[in-house]
Amino acid sequence: MRRASDLRFFASTDGDLAYRDTGGPGIPVVLLHAGFVDHTMWDEHIPVLAQEFRVIAPDARGHGRSANASRPFRQADDLAQLLHHLDVAPAVLVGVSMGAMIAVEAALEHPDLVRALVVSGGGTDERVLTESWSEQVYAAQLQALAAGDIEAWHQASDAWAHGPGRPREAVRPEIYTHLREMRQRTISKHTPDEADHHIPARDLGARAGRIAVPVLALNGAQDAPELRAMAESIARTAPRGRTVLIDDAAHFPNLERPEEYLRILTDFLHSLDQELPARS
């Protein structure tokens, strides 16, 4: 079971950022969470992966226990600072949704720090959702936040967990509870009038052909099609990419199907063993 003492902090150039680090000599695997949640979305995966790999799970800036931004920043640069701080490069980056986008940006902006990518439900920098279902969910989220109705925001946000083709009941209640707890920790750190200092990634999809490392798009088959397509486009464009779908899962395949997600991820990591350079 996770202990409070497992959480560590390092002093970035703009406040303390939180992370977990299992230590050990194995391949460094960095687990990057989705937007508005935090590193605890990986609680079920960390002890399993830690049997073979060095697992690092940060809270992105402005999320969980990490500091909010006081000046312009890029999430990929924060990640680079952490990897340098821990001296664990090159690392395998595993990201869901926002975490997938951070992983792809890091591979493009800090290629020497990245050994491979696993991306789910995201990875490009498209800011406008165009499919009807996705548009409606996103609009409901924005409307609730504008009205200060956090309960309605949680209800709207839950829709990503089951996706457009399944009822709410298709997802286990404890997953919604976990997502809500994580989102609440993050939203409580912010105020409606605070400045948004995040510098968005640009042209990730267009630049994906420059990603030389292996890429696995690991999507939930019931995720919104355009979110699946973001990860798949990275894998399709990168020279060493491939795609795997997990059935009966939507935007959070790691939460809905943790055993299958871990099996596919671990197989991918094992495939890298012979390619990894020796570390002193």
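Just so it is clear, the model here is predicted, and its values are computed rather than measured.
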Donor-acceptor pair between [X] and [Y] side chains, under 3.5 angstrom:
| X | Y | answer |
| --- | --- | --- |
| E181 | T177 | no |
| T266 | E52 | no |
| H110 | D77 | yes |

Which atom pair, heavy atoms only, marks the closest approach of [X] to [Y]?
| X | Y | value |
| --- | --- | --- |
| G205 | T237 | O-CG2, 4.4 Å |
| D16 | A11 | OD1-CA, 3.5 Å |
| L255 | M41 | CD2-O, 3.3 Å |
| V137 | A159 | CG2-CB, 3.8 Å |
| A208 | I234 | CB-CD1, 3.8 Å |
| A103 | L117 | O-CD2, 3.5 Å |

Can a donor-acceptor pair be found, under 3.5 Å and without considering hydrogens, that links the side chain of [X] to the backbone of [Y]?
| X | Y | result |
| --- | --- | --- |
| E256 | A250 | yes |
| T22 | V55 | yes |
| S66 | D59 | yes |
| R54 | D21 | no |
| S233 | M230 | yes |
| R207 | R202 | yes |
| R180 | D158 | no |
| R257 | D248 | yes |
| Q222 | R166 | no |
| N219 | G121 | yes |

Working for side chain to side chain contact (heavy atoms under 4.5 Å, CB included), residues E226 and E135: CA-CA 11 Å; E226 62 188 320; E135 282 185 314; 5.9 Å; no

Do [X] and [Y] make a side-chain contact, defined as non-hydrogen atoms from C-beta onward lying under 4.5 Å apart?
| X | Y | answer |
| --- | --- | --- |
| R61 | S12 | yes |
| N254 | S120 | no |
| R115 | P214 | yes |
| V30 | L82 | no |
| F268 | R242 | yes |
| V37 | T186 | no |
| H178 | R172 | no |
| L31 | L49 | yes |

Ring geometry between H85 and Y19 (parallel below 30°, tilted from 30 to 60°, perpendicular above 60°): perpendicular

Roughly how far, to the nearest 0.5 Å, is the [atom2] atom of [Y] from the [atom1] atom of [X]?
| X | Y | atom1 | atom2 | answer |
| --- | --- | --- | --- | --- |
| T243 | R228 | OG1 | CZ | 10.5 Å |
| Q155 | I150 | CD | CD1 | 12.5 Å |
| I199 | H197 | CD1 | NE2 | 10.5 Å |
| L86 | I56 | CG | CD1 | 5.0 Å |

Test of ring centre spacing under 6.0 Å for W160 and F36: no

Derivation and outcome, side chain to side chain contact (heavy atoms under 4.5 Å, CB included), residues L269 and F53: CA-CA 9 Å; L269 294 172; F53 311 106; 3.6 Å; yes

Any pair counted as ring-ring contact (aromatic ring centres under 6.0 Å, His included), so long as it reaches residues 214-266, sequence neighbours left out: H45-Y261

Salt bridge flag under 4.0 Å for residues D6 and R20: yes

Crowded around [X] [atom1]? As in, over 12 foreign heavy atoms under 6.0 Å?
| X | atom1 | value |
| --- | --- | --- |
| E259 | CD | no |
| R210 | CZ | no |
| Q184 | CD | yes |

From CA spacing to verdict: side chain to side chain contact (heavy atoms under 4.5 Å, CB included), R71, T13: CA-CA 10 Å; R71 57 179 182 263; T13 54; 3.8 Å; yes

Result of checking H190, M182, M98, R185 against H63 for side-chain contact (heavy atoms from CB on, under 4.5 Å): M98

Side chain to side chain contact (heavy atoms under 4.5 Å, CB included) between E105 and D125, worked out: CA-CA 9 Å; E105 184 178 13; D125 52 321; over 6 Å; no

Test salt bridge (Lys or Arg N to Asp or Glu O under 4.0 Å) applied to R65 and D38, step by step: CA-CA 8 Å; R65 297 284 302 278; D38 58 36; over 6 Å; no

